[in-house]
Novice: 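Handing you this structure, nothing more for now.
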Amino acid sequence: SESAGLSNLTTTPPPRAVFIQDAALAYNGFAMYTRALVQYTRNGGTVVVGWDFANHVMPPEMEAFFKQWDLPWKAGSYFRTTFHRNQANSAINHVDLCDKYSAESLSLRDVTPEHALYTPSSASHVESRVFPEDFCPVDVKETAVAFARVGKGFFGYSGDVNNEVDSIKAHFAMLGL
């Protein structure tokens, strides 16, 4: 039931983290769940969106979804490139994370550097069997994975649309596993 799902966020102790695997919560029919998750995060919980989220969310809904967490993040570029770990993100344990990996990602723009976890470097380029490397520039200010403090908790995003092994490791790290 709807109330049972929502009450799980307020149990004692509360869940350690919540992983959102699709984009349903970014749409109006699930607003009460999103509001509950925002409150859960502000009270100290961790929410991470990934897996198929980036495959099924439209940019306007994505922006509105992130605004509920007071994050200015917006949809950026979509293509495969090599992303490099950003050591400046101190909100996460970097121990099990690789230094770089290739992923096809719906990246984010307007993410502050300290919230970016994996970003392209100046050497990154479009990796495609269809388009040449110089098909379009790779914006080094965008990020494929972001993790930010929201209130007393954390909110994370992974835009990898193919669920690469190293993206899954980033999910685990953001979830505290």
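Each residue takes its place number in the sequence, starting with 1. The structure displayed is predicted, hence computed values, not measured ones.
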Novice: Tell me whether L108 is reachable from M58 by hopping between hydrophobic residues (I, L, V, M, F, W, Y) whose side-chain heavy atoms are closer than 4.5 Å.
Specialist: yes
Novice: Quick check: closest heavy atoms across Y118 and A170, and the distance to 0.1 Å?
Specialist: CE1-CB, 4.4 Å
Novice: Grouping I, L, V, M, F, W and Y whenever their side-chain heavy atoms are under 4.5 Å apart, do F30 and V49 come out in a common cluster?
Specialist: yes
Novice: Any chance you could lay out the side chain to side chain contact (heavy atoms under 4.5 Å, CB included) test for D52 and Q21, step after step, and finish with the verdict?
Specialist: CA-CA 6 Å; D52 285 333; Q21 72 171 19; 5.8 Å; no
Novice: Would you please test T46 and F147 for side chain to side chain contact (heavy atoms under 4.5 Å, CB included) and show each step?
Specialist: CA-CA 10 Å; T46 297; F147 193 64; 4.2 Å; yes
Novice: For F155, run the side-chain contact (heavy atoms from CB on, under 4.5 Å) check against L37, V47, D70 and tell me which one passes.
Specialist: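 Of all the options given, the one that passes is V47.
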Novice: Under 3.5 Å, is there a donor-acceptor pair linking the side chains of S102 and E164?
Specialist: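 Distance-only check fails for S102 and E164.
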Novice: So, applying side-chain contact (heavy atoms from CB on, under 4.5 Å) with S107, which one of Y157, F79, F83, Y78 is it?
Specialist: F83
Novice: Do L117 and W69 belong together in a cluster built from hydrophobic side chains that touch within less than 4.5 Å?
Specialist: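 Different clusters.
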Novice: Below 30° counts as parallel, above 60° as perpendicular, anything between as tilted: where do the rings of F65 and F53 land?
Specialist: tilted
Novice: One thing to verify: whether D96 and K169 come together as a salt bridge, which I'm taking to mean a side-chain N less than 4.0 angstrom from a carboxylate O.
Specialist: no
Novice: Can you list the steps and then say if S124 with H84 is a side chain to side chain contact (heavy atoms under 4.5 Å, CB included)?
Specialist: CA-CA 9 Å; S124 297; H84 300 260; 3.8 Å; yes
Novice: Do you know which two heavy atoms are closest between H94 and I92, and how far apart they sit?
Specialist: CD2-O, 3.1 Å
Novice: In terms of relative ring orientation, are H171 and W51 parallel, tilted or perpendicular, with 30° and 60° separating the classes?
Specialist: tilted
